[in-house]
Amino acid sequence: MRSRLLSLLTVLSGLAVGLPAVTPARAQAPGGPPPKVTVAKPVVREIVEQDQYTGRFDPIEYVEVRARVTGYLEKINFIDGQTVKKGDVLFVIDRRPYKAALEQAQAALASAKARQSFSQTDLERAQTLSRSGNISEQVTDQRRQASQTAQADVDSAQAALNNAQLNYDFSEVKAPINGRISRRLVTEGNIVSADQTLLTTIVSLDPIYFSFTVDEKSFLKYQNSLGIGMGQTQQGKGVPILIALSGEAKPTRKGTLDFVDNRVDNATGTILLRATVQNTDLFIKPGLFGIVSMPATKPFQGVMIPDEAVAANQDKRIVYLLGPDNVIQQKDVQLGPKVDGYRVIQSGLKGDELIVVNGTSRVRPGAKVTPDTIELPPSKT
């Protein structure tokens, strides 16, 4: 037993000799070289700040197509969803009853005109005899009355003919506007009622409206900076805007702001703005959402830096400047919106400073650095 224990201790001692020794980590040697950072001057050029809002596309014209006469729906002349032109015949209501009524009205007018012609001739004859004293004034007056009655009958028959002609024309339901038609809501063989039965709808597509709302504070800003007033546009000219559709990273559509509502909504504290957008490819459909980029200022010389050059110090935003002898200085800044991929600096920088654009995590105020100077491109996007 004792010999076995000695053998085991011998084996364990051999294993311990073969293991590497664990040494503590060495501390970084003080007085190392200054950290390397990339510095550059801010981009200074003429810019226009943009504000973004979500809005919806609306058709300029929208029509609910209804029958104007009652009858049997005989024919449909369009394919669901196709584009139509003003005047295209969309639906045909059985025209035979209205044609018969039209012919009857034409005949009634012809009869009334014949009676009026005879009564007029009879009146002229009576007037001739009355001058020679061969007929009494009473008879002349009676014939004058008969002539006037015949003329009234002609006018009544003409009105009835006009009404019959209208009903006959209304038996063909035509497109009142250019645009894209919806699906048919009534199929052939049904009875449609005048001014009640909805047959389909048509919306115009080019151009198209884009409507959105802005808050009261922003509206007052636009009114001061762009001259946009209640119900008017900038000096009588539309303000240009850009619109990005859902899923688009950048705006692809251009429009013109041409309408500002005449009051602020009491419930929401917002006011409605509307732009007109060209839609020549008919790609945009009414009801789609979009994000509009609207100019918020007049053109001005802006100071812009990359977002990665901005650091935080509690609730402040700061940038690191390269001072004399490559010593870092801290500067508080006020940030604005992004323009062309850069962050606009509203206050804190003049534009001629050298700022740290890469390596902000390796510096602190008062520390010395090794700078690598670069030039930022005019646009980051």
Side-chain angles (χ1 to χ4, degrees), residues 20-53 217-218 221-222 224-226 242 244 247-252 291-381:
V22 178
T23 59
R26 291 180 298 177
Q28 183 177 355
K36 293 183 179 181
V37 295
T38 305
V39 297
K41 288 186 177 182
V43 175
V44 180
R45 61 181 178 84
E46 186 178 89
I47 62 170
V48 176
E49 292 185 6
Q50 302 281 331
D51 287 343
Q52 292 187 336
Y53 299 95
K217 182 179 179 181
S218 298
K221 178 179 68 174
Y222 303 143
N224 291 328
S225 62
L226 302 177
L242 298 173
E248 292 181 341
K250 297 180 181 179
T252 58
I291 299 177
V292 59
S293 296
M294 177 178 170
T297 63
K298 293 180 179 179
F300 67 97
Q301 288 296 114
V303 178
M304 302 182 294
I305 63 175
D307 272 335
E308 52 268 25
V310 181
N313 183 7
Q314 296 181 355
D315 60 341
K316 298 180 180 180
R317 294 296 180 266
I318 61 173
V319 296
Y320 294 117
L321 309 182
L322 184 66
D325 299 326
N326 295 337
V327 175
I328 294 296
Q329 300 175 355
Q330 177 180 307
K331 186 69 172 179
D332 295 344
V333 294
Q334 184 176 354
L335 305 182
K338 293 190 72 171
V339 174
D340 293 337
Y342 288 117
R343 181 67 59 181
V344 177
I345 302 300
Q346 295 180 337
S347 65
L349 294 179
K350 296 180 180 179
D352 56 354
E353 305 92 340
L354 281 174
I355 64 171
V356 178
V357 297
N358 190 7
T360 56
S361 61
R362 298 192 295 270
V363 300
R364 66 181 185 275
K368 196 169 184 179
V369 296
T370 303
D372 179 20
T373 304
I374 64 171
E375 183 178 352
L376 295 175
S379 175
K380 194 178 179 182
T381 56

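Just so we're clear, the structure is a prediction, and the values are computed from it rather than from any experiment.
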Margin query: If you count every heavy atom of other residues, nucleotides or ligands that lies below 6.0 Å from R364 atom CZ, does the total exceed 12?
Written below: no
Practice prompt. Examine distances only and state if a side-chain atom of T297 and a backbone atom of V48 form a donor-acceptor pair shorter than 3.5 Å.
Written response: no
From the list I355, V369, V356, side chain to side chain contact (heavy atoms under 4.5 Å, CB included) partner of L322 resolves to V369
Between Q314 and R317, the two heavy atoms sitting closest are O-NH1, 4.1 Å
Between P378 and V43, the two heavy atoms sitting closest are O-CG1, 3.9 Å
| task | Might you confirm whether atom NZ of K331 has over 12 heavy atoms from other residues, nucleotides or ligands at distances under 6.0 Å? | result | no
Flag side-chain contact, heavy atom, 4.5 Å: I305 against I345
yes
Smallest heavy-atom separation, E353 atom then G348 atom, equals OE2-O, 4.5 Å
A311 and Y320 have their tightest heavy-atom pair at CB-CE1, 4.1 Å
Practice item. Please answer whether the main-chain N or O of G302 pairs with a side-chain N or O of R45 as donor and acceptor at a distance below 3.5 Å. Key: no
Report yes if the side chains of I328 and L321 come closer than 4.5 Å at any heavy-atom pair, otherwise no.
no
Practice problem: I would like to know whether V37 and T370 meet side chain to side chain contact (heavy atoms under 4.5 Å, CB included); could you show each step before the answer? | Solution: CA-CA 6 Å; V37 295; T370 303; over 6 Å; no
Original post:
Does some side-chain heavy atom of M304 sit less than 4.5 Å from a side-chain heavy atom of V339?
Top reply: yes
Smallest heavy-atom separation, Q346 atom then L335 atom, equals OE1-O, 3.6 Å
Smallest heavy-atom separation, Q50 atom then P337 atom, equals O-CB, 4.3 Å
Would a 4.5 Å heavy-atom cut-off, applied to side chains only, mark V44 and Q301 as touching? yes
* Establish, from distance only, whether the side-chain atoms of Y222 and D51 form a donor-acceptor pair under 3.5 Å. => yes
